[in-house]
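Labels below follow one simple rule: chain letters A, B, ... track the order of the sequence lines, proteins then strands, and each chain is numbered from 1. The basis for the numbers below is simple: all heavy atoms, side chains too, and nothing from hydrogens, waters or symmetry mates.
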Amino acid sequence: MDKTYDPKAIEKKWYHSWEKQGLFAPSGEGKPYTIMIPPPNVTGTLHMGHAFQDTIMDILTRYHRMMGDNTLWQPGTDHAGIATQMVVERNLKAKGETQTRHEMGREKFVEKIWEWKEESGGQITQQLRRMGASLDWENERFTMDDGMSAAVQKIFIKLYNDGLIYRGKRLVNWDPVLKTAVSDIEVENIEEQGFMYHVRYPFVEGEVDGKTHMHIATTRPETILADGALAVHPDDSRYDAVIGKEVWVPMTDRKIPVIRDEYVDPEFGTGCVKITPAHDFNDYQVGQRHEMEIINLFTPDAIMNENAPQAYQGMDRFAARDKIVEDLKVAELLERIEPHTLKRPYGDRTGTVIEPYLTDQWFVKAEPLAKPAVEAVTSGKVRFIPSHHEKTYFEWMNNIQDWCISRQLWWGHRIPAWFDAEGNFYVGESEHAVREQNNLGDIELTQDEDVLDTWFSSALWPFSTLGWPEESERLKAFYPTSVLVTGFDIIFFWVARMVMFGIYAMGEVPFKDVYMHGLVRDNEGQKMSKSKGNVLDPIDIIDGISLEDLVSKRTSNMMQPKLAAKIEKATRRQFPEGINAHGTDALRFTFCSLATMGRDVVFDMGRAEGYRNFCNKIWNAVRYVTQNVEGKDCGLTGEVTLSVADRWIISELQKAEQAVHEAIESYRFDFAAQTIYEFIWNEYCDWYLELTKAVLYGDSDELAMRGTRRTLVKVLEAALRLLHPIMPYVTEECWQTIAPLAGVSGESISTSAYPLPEVDKRDEAAEADIVWFKAVLLAIRRIRSEMNIAPSKPLPILLTEGSADDRSRVEAYQTMMIKLGKLESFDFATQDVPESAVALAGDLKINIPMKGLIDKDAELERLQREIDKRGKEQGILSGKLGNEKYVSNAPAELVARDQARLATLDDEITALQAQLTKIQAL
RNA sequence: AGUCGCGUAGCUCAGUUGGUUAGAGCACCACAUUGACAUUGUGGGGGUCGGUGGUUCGAAUCCACUCGCGACUACCA
């Protein structure tokens with residue numbers, strides 16, 4: 001074995017081998033355990049969020065697989081309609097394609113997307129493999145596969161027949177760049193500085209109630225041209241005289257009435273508002289109530305259309321705004337413009353301003369589906385972890401809006417509806433089917449051009465991947481799934497809709513637990529984004545990357561090239577040496593240790609480095625064990641004697657195993673990581689390995705040597721299995737060496753059994769002995785360090801004032817103490833001891849004769865520090881115990897414990913004080 | 001405006017139903033080093049737990065108010 005751990009050398013080898021051996025397929029035995037991967041965009045690449053999420057899912061998957069469950073982690077990718085279509089359009093352009101999408105035509109363009117999917121589609125799944133993700137690749141799915149498409153069609157038809165899908169002309173969120181409708185949740189409302197325009201609407205009658213005009217304010221003056229009315233609140237007496245009167249719509253020759261409507265807030269502004277039914281969601285409602293004419297001003301790409309006055313036609317919406325403001329000024333209808341903070345709706349894909357737009361679309365009637373979905377969570381059938389996310393879920397579900405599912409795109413599942421020449425439509429599996437079902441003869445039919453929202457097919461993921469609508473064995477075995485691991489940011493997009501559709505289609509919830517993790521942020525707590533130039537690629541943390549490569553990666557293909565210099569500077573400052581290779585295991589362990597409840601993950605490279613060192617620690621522990629055990633009798637059969645250290649580490653292992661089980665079962669991945677880290681490094685390596693040297697390099701008898709070798713190798717073997725779900729590679733590589741030495745056989749650690757704690761291996765006596773032993777050694781080391789005595793220099797030592805227990809322990813463990821404490825001689829003295837440096841370990845007084853070793857001042861100072869420290873604690877405790885209410889109210893054992901502690905402190909202080917006096921007198 | 005989350009060491013984070021002297025990793029300081037490991041070892045310094053008030057024998061933990069940060073939802077004419 002090499003002296004240092006090199007992740008590169010082992011990772012690829014093992015993943016390939018696991019996959020080839022088919023170790024990731026469900027075993028077919030045990031109780032089912034299922035996780036569905038949230039399907040990443042098929043043409044995407046792995047980012048830190050994926051890496052984090054996939055690490056958690058893989059830990060759960062590997063854990064359950066090793067626990068003997070029939071474990072499935074279902075892989076797959078999403079067609080991601082809008083995102084993919086945009087990427088391909090951009091790509092074609094970059095490749096020198098002169099034809100636009102529309103010139104090319106639907107069929108050819110979709111063909112290009114499939115080509116692109118084939119070309120780049122493997123990247124993210126390869127990256128998942130790099131992460132060590134143990135997905136059942138044999139059954140990989142894609143949301144546009146035939147089977148998946150059949151499921152989409154089936155459920156669409158079912159929903160339609162049940163009256164839960166309808167088609168209608170509604171005001172929807174319209175993206176004028178993509179020229180498609182999007183759903184409410186695809187719109188981001190961003191606060192920005194804008195203006196409020198105060199406009200006058202002259203009365204048709206010239207003067208009413210002593211006024212010549214109505215005064216309203218708007219942030220969107222260009223929509224004035226489509227106004228249907230002015231409105232005031234019904235109870236607003238200020239406007240009694242003007243109700244029913246007409247005003248001129250500025251810049252037009254249209255007249256509109258002043259009406260009353262509850263919607264108006266009389267407190268706000270002038271208490272009078274313009275109503276523009278075609279261009280505002282609220283106004284649309286008002287317009288419906290008052291049967292207003294709906295005037296749409298825009299073409300699908302938000303250019304002023306023929307409904308606008310001639311002068312504005314053909315203008316972009318923003319240019320039109322500028323023009324109308326100018327025109328209002330000239331006409332003296334603009335009272336003033338004031339700065340105003342407003343929220344503007346942006347499309348989350350295109351970043352363009354979304355328009356409310358009146359079109360024909362398909363909708364899912366959400367309320368009937370939401371009811372049982374809410375019930376599933378209130379009843380506990382679906383559990384959110386952490387639970388506070390339930391609130392967000394309920395909030396949305398209880399105010400749910402109908403879901404606009406049609407998109408005017410080409411990449412996606414085509415809507416299974418056909419139109420005749422009169423505009424009647426028929427929903428069914430195919431053109432042939434709808435003809436038959438509706439007795440249409442041979443009239444001309446054309447299929448709806450629209451495709452479905454990507455999230456429509458995603459909502460079916462938990463069962464469509466398992467073969468639904470076929471009643472497959474997989475479906476029976478693995479639905480409902482065990483846990484959904486996902487980010488809180490897609491509760492609405494995905495989680496809620498899966499629950500609704502799962503219950504609707506399957507009659508059962510799609511998952512029992514929903515583990516919601518936070519966002520992965522950069523070291524400053526910023527969201528990672530290309531435009532900020534702070535993106536980390538998980539693969540770069542695994543393999544390492546030079547500074548120059550990192551800089552060019554971060555500054556290439558920028559939307560705003562201006563930022564490149566700034567990004568370069570920040571990158572050079574943060575990573576002056578580039579990024580070192582850490583390996584997959586270290587990255588996974590970092591995520592695991594940061595996976596705490598309900599909190600974003602601020603990625604800390606320092607931690608990743610620490611955990612790479614941890615890998616190296618394990619690696620070298622394996623080397624040590626191998627060197628001392630290979631070719632020797634490890635007592636796997638026959639008689640052995642176990643030393644106190646052997647019994648202690650075995651006992652500690654049981655505790656660690658118990659803690660790890662509890663941690664993983666309760667999704668406390670950070671606890672699991674910490675427990676294993678501490679066990680391996682702080683107990684097994686720091687103490688146990690050192691203790692075995694006293695046995696193995698000493699003159700112990702053969703039974704003891706065999707016992708120690710056996711323990712050394714067995715405990716390590718179990719610890720590797722314990723760690724495997726978090727660090728699959730290094731544990732596999734090491735296990736292949738260690739398992740045979742421990743008498744354990746098997747192809748791979750990943751299909752070996754997860755260690756279970758055994759109560760009868762707990763040994764509290766051994767634990768107590770080692771606690772004592774550590775206290776003594778720590779005391780000795782501390783004196784050494786504080787007195788500046790070279791650690792290598794062997795010391796004589798005298799022990800005094802110990803109890804009978806101390807004496808027998810000193811007797812029993814002195815070989816080990818001499819070794820680890822670098823002690824020269826060792827006596828339990830009863831007679832007067834010479835002037836010494838003194839440390840206390842319980843009752844035991846450790847005296848290191850100081851003549852010629854240490855200086856008086858340093859020792860006095862040290863003793864005083866020890867006394868002060870105890871004095872402080874003594875003060876607190878005696879105060880507490882002097883409080884009668886504490887003594888009478890607190891649990892008795894707490895008081896007893898404090899009293900005992902106080903007594904010890906008193907004794908210790910007396911002893912130290914005496915020592916101090918003694919030294920002073922020298 | 002409403003809801004939720006967060007604020008603990010220089011940094012990144014733990015801290016289970018209130019109960020020893022509030023912990024870890026990284027960073028820092030000192031010392032060490034032929035023997036599993038410098039991707040190391042040993043020892044050390046560093047925190048009025050955002051603030052104020054309250055409940056309690058006892059508060060990082062519970063309550064109220066408050067400051068700061070973040071997210072989400074709705075509205076903003």
Of A/Glu395 and A/Gln627, whose closest RNA chain B nucleotide lies nearer the 5' terminus?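 Result: A/Gln627.
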
Nearest-nucleotide 5' precedence on RNA chain B, A/Phe268 against A/Asn523: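 The answer here is A/Asn523.
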
With heavy atoms under 4.0 Å as the rule, sort [X] into base, sugar-phosphate or nothing.
X	result
A/Arg668	sugar-phosphate
A/Tyr5	base
A/Phe589	nothing
A/Phe671	base
A/Cys615	nothing
A/Leu778	sugar-phosphate
A/Met196	sugar-phosphate
A/Glu873	base
A/Thr219	sugar-phosphate
A/Leu894	base
A/Lys343	base

In whole angstrom, give the distance that lies between atom CG of A/Leu902 and atom C1' of B/U21.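 Nearest whole value for this atom pair: 13 Å.
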
Let me know the distance between CE of A/Met597 and P of B/G5, rounded to the nearest Å.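 So the two atoms are 15 Å apart, to the nearest Å.
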
Step by step, would you call A/Tyr886 with A/Asp898 a side chain to side chain donor-acceptor pair (under 3.5 Å)? CA-CA 11 Å; A/Tyr886 171 66; A/Asp898 285 345; 2.5 Å; yes

Verify side chain to side chain donor-acceptor pair (under 3.5 Å) between A/Glu192 and A/Tyr346, making sure each step is shown before the conclusion. CA-CA 12 Å; A/Glu192 38 184 69; A/Tyr346 285 89; 2.8 Å; yes

When you check the phosphate oxygens OP1 and OP2 of [N], does a side-chain N or O of [X] lie under 4.0 Å from one of them?
X	N	result
A/Arg607	B/C26	no
A/Tyr263	B/C76	yes
A/Asn613	B/U40	yes
A/Arg870	B/U20	no
A/Lys617	B/C37	no
A/Tyr677	B/C13	no
A/Trp681	B/U39	no
A/Lys3	B/C37	yes
A/Asn282	B/C76	yes

Between [N] and [M], how far apart are the two [atom1] atoms, rounded to whole Å?
N	M	atom1	answer
B/G23	B/U66	C1'	29 Å
B/C31	B/G10	C1'	23 Å
B/C62	B/G19	P	11 Å
B/U48	B/A59	C1'	14 Å
B/C76	B/C4	P	24 Å
B/A22	B/G46	P	13 Å
B/U52	B/C67	P	15 Å
B/U17	B/G7	P	16 Å

Shorter than 3.5 Å, N or O on both sides, protein versus nucleotides 53-64 of chain B: list them out with atom names.
{"unit_1": "B/C57", "atom_1": "O2'", "unit_2": "A/Asn883", "atom_2": "ND2", "d": "2.7"}

By salt bridge (charged side-chain N to carboxylate O under 4.0 Å, His left out), which residues pair with A/Arg573, not counting sequence neighbours?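 Scan of A/Arg573 (salt bridge (charged side-chain N to carboxylate O under 4.0 Å, His left out), adjacent residues dropped) gives none.
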
Mind checking what makes salt bridge (charged side-chain N to carboxylate O under 4.0 Å, His left out) contact with A/Asp600, not counting sequence neighbours?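 Scan of A/Asp600 (salt bridge (charged side-chain N to carboxylate O under 4.0 Å, His left out), adjacent residues dropped) gives A/Arg521.
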
Could you identify the nucleotide paired to [N], looking across every strand shown and requiring Watson-Crick or G-U wobble geometry with both distances under 3.5 Å?
N	result
B/A64	B/U52
B/G25	B/C11
B/U39	none
B/C4	B/G70
B/U34	none
B/C75	none

Choosing from [options], which nucleotide comes nearest the side chain of [X]?
X	options	result
A/Asn616	B/U39, B/G41, B/A36	B/U39
A/Lys693	B/A36, B/G25, B/A14	B/A36
A/Glu678	B/A24, B/C72, B/A36	B/A24
A/Arg897	B/A71, B/A36, B/G19	B/G19

Under a 4.0 Å N-O cut-off, is there an ion pair linking A/Arg220 with A/Glu222?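 Salt bridge flag = yes for A/Glu222 with A/Arg220.
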
Side chains of [X] and [Y], heavy atoms from C-beta outward: is any pair under 4.5 Å?
X	Y	result
A/Val377	A/Phe384	yes
A/His517	A/Phe52	yes
A/Thr486	A/Phe493	no
A/His215	A/His198	yes

For A/Glu338, does the CD atom have more than 12 heavy-atom neighbours from other residues, nucleotides or ligands under 6.0 Å away?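 Atom CD in A/Glu338 is packed in, count exceeds 12.
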
Ring center gap for A/Phe669 and A/Phe589 short of 6.0 angstrom: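 Centroid separation for A/Phe669 and A/Phe589: 6.0 Å or greater.
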
Presence of donor-acceptor pair under 3.5 Å, side chain of A/Arg599 and base of B/U12: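 There is none.
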
Side-chain donor or acceptor of A/Glu690 under 3.5 Å from a matching atom on the base of B/A36?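 Present.
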
Nucleotide N/O of nucleotides 44-49 of chain B paired with protein N/O under 3.5 Å:
{"unit_1": "B/G44", "atom_1": "OP1", "unit_2": "A/Arg782", "atom_2": "NE", "d": "2.9"}

Suppose we screen for side chain to side chain donor-acceptor pair (under 3.5 Å). Which residues come up paired with A/Tyr393, at least two apart in sequence or across chains?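 A/Tyr393 satisfies side chain to side chain donor-acceptor pair (under 3.5 Å) with no other residue.
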
How close do A/Val199 and A/Pro250 get, heavy atom to heavy atom, and via which atoms?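 Looking at all heavy atoms of both residues, the shortest contact is CG1-CG, 4.1 Å.
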
Write out all pairs satisfying side chain to side chain donor-acceptor pair (under 3.5 Å) with one or both partners inside residues 887-896 of chain A, taking only residues at least two apart or from two chains.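 Every candidate side chain to side chain donor-acceptor pair (under 3.5 Å) pair involving residues 887-896 of chain A fails, so no pair, neighbours aside, qualifies.
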
